[in-house]
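This report concerns only the one structure given below.
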Amino acid sequence: MTDHIVITGYEGYIGRRLLASALALGLTVTALGRRPPPPATHGLRWFRWDLESPVPVAALAAADGFSPIKALIHAAHQWTSARSEADDENVVGTGLLLDAARRSGIGRIVFCSSVSERMDALNRYGRIKAAIGHLLTADGEISARIGLVYGGPRQGQWGTMVALSGMVRLLPMVGIRTGVQPIHVDEVCDGLLRLALAPRLSRRVYGLAAPTPISFGEWLRLLCRIFHGRRLWVLPLPLSPILALVHMFNQLPLELHVDEERLLGLAGLPTVSCADDLAEIGLRLIAPDNRLWDEGTVRRRNLLQEGRAILRAVCGGIPSPSLLKIYVRGVERYGAGLPLALPIVALRWPLLLRAVEPVRADGELKSRLQMALVITDGGNFDGTSAYAFDGEGRIRALAGLAWVALVETLLLAFRLTFGRKGQS
Amino acid sequence: MSDHDVLVIGSGPSGVAAAWPLAEAGLSVHLVDGVLPRLARPAPDRPSLSALRQGAPGNLRHLLGERLDGLRDMKGYSPKLRSCADAAFLEGYHDGNAIASVDFQVVGTMAQGGLSNVWGAAASLFDQEDLADWPISLADLLPSYRRVVKRVGVSGSLFDDMAPIHGLDVELEPPLSLPPSSALLLERYDRRGGMPGFLLGRSRNAVLTRPREDRGACLEDMGCMWGCGVGAIYNSADDLAQLRSLPNVTVLSGLMILRLRRDEDGSVIVTGRTALGEERQLRARRVILAAGTLASTRLALDLLQKFDVPVPVLNAPAFAAGLLIPRRLGQPIPAKGFGMAQLAFRLALPGEAGKSVFGLLYDGASMAAPDLAAQMPLSRFGAKSVLRALLPGLLLALVYLPSSYSRSSASLRRSSDGIPSLEIRGGVSTEHKAAVQMAVKRMASHLRRLGAWLLPGSVSVFEPGAEVHYGGTLPMGVATTIHGELIGAPGVTLADGAIFNTLPAKHHTMTMMANADRIGRHLALEAR
């Protein structure tokens, strides 16, 4: 019988993917939430629950077709509260959930926390997460401190960041030097399931975040390049006066409201050391710019334009849309994924690319030209073969070689002078 | 924890070769193999390579793979790993086996069947001279050679000058047909009646030329670099499928072995990790390590708790070179032929007593032309145009030196996660450079006389390990007994390249399998 886990918060940005991942792994799942989860073919049952309600007794009890519960992943979070921090629904509700889980003998509880978890965090969210972290006292109760989650549907904070990065060319922003530790939503799910199922864990707190932080400003610039196909300039703003201004602004009787909580969260974001944590559970993260390849349409349009030029430089003629698609998919999957900053003249007259192909140095431009060569191994764009299968005769072959030698000799001076590695 | 007579770790050629005699002797054999499935065979009705390059329907799907894995940048690796294997094939090997390397390219896979999924099928046997420094003789290996050759299916000639080098006392399938460039070279060589210090003949290939029940005969469609659709090229995953049909053989997939320990009762406890991170233990009276030289070495050194003591890693340093037969310029490109090595040669190194290099010649038309173009300092358009002219007469030589020119080593290091890692440092002897230069010069001179000219600037010397000919970390008679049992760890036997005493320039897969068969037979006899 397959492993059985409980998931709370499956309606949220992370939880939805987590539930799908668990089912795809063949686990059986008890889902606790307000609304029924999407129907699954097998191994899923649902109990109505939220952080303000007691846990249904049957939810954590043994049931036919389900093995004993191995772990509980607690991803539910209530974002709004009228209560004080000590009485916050998240803290109280999690306490009740923990009690019920302990009574049922569940040996592993994984709490979805945040890298901002600190008792002295600037924002309430970080302090609430820290308060819940203190409730995890028994063996097998683990806190997963999750970094800046990106990827998937543009919801919540992720959707806001993508929109923000493309709003203007010059973005005034606070905290742009703050280090953020991005992690893809699928990697978070993978990490949570590993934490839930690992037979033994050596620590109580695990960081699920990129071990090497990048600045928030750099992160916004990356998103702009990928999703909006252009460069973004970010203007640093001092935090304190901005907070005062935001506070005053929010007092005005306007519909627009600026979320102070998010600004505070960003400003007070600590960096967690998590390389060892990830290594222990065998989770390898992929660089965000590689993961985001399928999430930017402008980027893809620019890649198509680049592909047209690169394929023409290698093969001459006009590549078909299907070949262009193969080029784009190849760059997305096995290249840097972003369009190269090629000169506009090279996009218009692709033959010029032959004059800037570096002689020896490797680089993205060379590897994309090589990729185009591999694609055209299957034939030229006009349907002819790249090779003379029927034989072209010795004289013609020798004349062809002499012509190439002449052209390449002439090109050499340009390539040595103007050869470029090509950067995204 | 389950008990077995014998537990074999690894389903590559040596693992299955060791498992066969044990299974046939009626022992309960449990074979643990990698976490990845074998490479899928291409469609058996895949058009020939020339048809694909002339726009046959679905050509890019066949040439690049469904997921376009053929577009990966695999510079420095064998071209087969780009054209034939998917991206996942090499993934996780280093981390999973806790192997780190400096100046040494580690190539390995956790796929069922190991590297036999992508091998070049070169199937020479070692001769008495090759085994000079081994504690066993050719007579000890010959019965196993015969059995393995028969099971694998090897084609070639017993009647040309290279036949004694490849091995004579075995039963072969008829040779494959030769494409025009190779046929021309061989014809000229035969007309000269041989050349001093240089032998040329057909290559010996683990390829069927007659169909069997589960494998077809070679279609000679030139597309071998993209995988074999009919299974003519031997893959130990095919053998595994037959092995597991025996009632006393079980196969466990997806367990990454972390460590071996000996129990008080004399049995061996093997701990592995599943894909979900769960640890699992197996127990057996006898464990055969056949996980590939480096993975087996790490497990063996860890069992012996032999930290920070370097052991040698023998490898056969190699280089590649392009050759052109000017007479073939402008001629039609062959549409039919075997797509990997068609000819083999042996070249004596004068002044290097008894040392020789071993080379294979590939027809350029069967190679992935863009990989050849990648070596040219021309623009991509220029390289493509040059290849168009050269392809009919292009040959690629892959040349190997014996392991006496290698100076690589491996050490077991402690690590914070409790799983020690194997650190490999690559190196070559001080004589290596001169030997390569001499080999290039003499090869060029001999082949020129046969009408093939070395292309200037085409020689590319491989990083140690990139040739994937390595072994010799725990040699027989030194670190293991002559039957592969690890000294200091009764019950644990090594059966792969790790126990080789030397590596000649020749390909070692058939010897690795024969030696594993010999060890398996010995253990079966002992158990009886």
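Both backbone and side-chain heavy atoms feed into the values below; hydrogens, waters and symmetry mates do not. Below, read A as the first sequence line, B as the second, and so on, with proteins coming before strands; counting in each chain starts at 1.
Both the backbone and the side chain of B:R67 come within contact range of chain A, judged by heavy atoms closer than 4.5 Å. For B:D95, the part lying under 4.5 angstrom from a heavy atom of chain A is the side chain only. Contact of A:I395 with chain B is not made at all, since no heavy-atom distance falls under 4.5 Å. For B:I419, no part lies near chain A; criterion is any non-hydrogen pair under 4.5 Å. Residue A:L25 touches chain B through its side chain alone, counting heavy-atom pairs closer than 4.5 Å. Contacts between B:L329 and chain A at a heavy-atom distance below 4.5 Å involve backbone atoms as well as side-chain atoms. Neither the backbone nor the side chain of B:P392 comes within contact range of chain A; no heavy atom of the residue lies under 4.5 Å from a heavy atom of that chain. With a 4.5 Å cut-off on non-hydrogen atoms, B:L378 touches chain A through its backbone and its side chain both. Only the side chain of B:L63 comes within contact range of chain A, with heavy atoms under 4.5 Å apart.
There is a side-chain donor-acceptor pair under 3.5 Å between B:T271 and B:Q281.
Rounding to the nearest 0.5 Å places OG of B:S379 at 10.5 Å from CG of A:L353.
B:D302 has a carboxylate O that lies under 4.0 Å from a charged side-chain N of B:R261, or vice versa, which qualifies the two as a salt bridge.
A salt bridge (Lys or Arg N to Asp or Glu O under 4.0 Å) with B:D221 is found for exactly one of B:R53, B:R46, B:K336, namely B:R46.
When each of A:A386, A:G379, A:G400 is checked for heavy-atom pairs under 4.5 Å with chain B, A:A386 comes out on top. Considering only heavy-atom pairs separated by less than 4.5 Å from chain B, the leading option among A:V407, A:N380, A:L411, A:I326 is A:I326. For the set A:R200, A:M371, A:R396, A:Q370, the count of heavy-atom pairs under 4.5 angstrom toward chain B peaks at A:Q370.
At most 12 non-hydrogen atoms from other residues, nucleotides or ligands lie less than 6.0 angstrom from CZ of A:F414.
A:R194 places a side-chain N or O within 3.5 Å of a backbone atom of A:I281 that can act as its donor or acceptor partner.
Contacts with chain A (heavy atom to heavy atom, under 4.5 Å) involve these residues of residues 364-372 of chain B, listed by number: B:A369, B:P370, B:D371.
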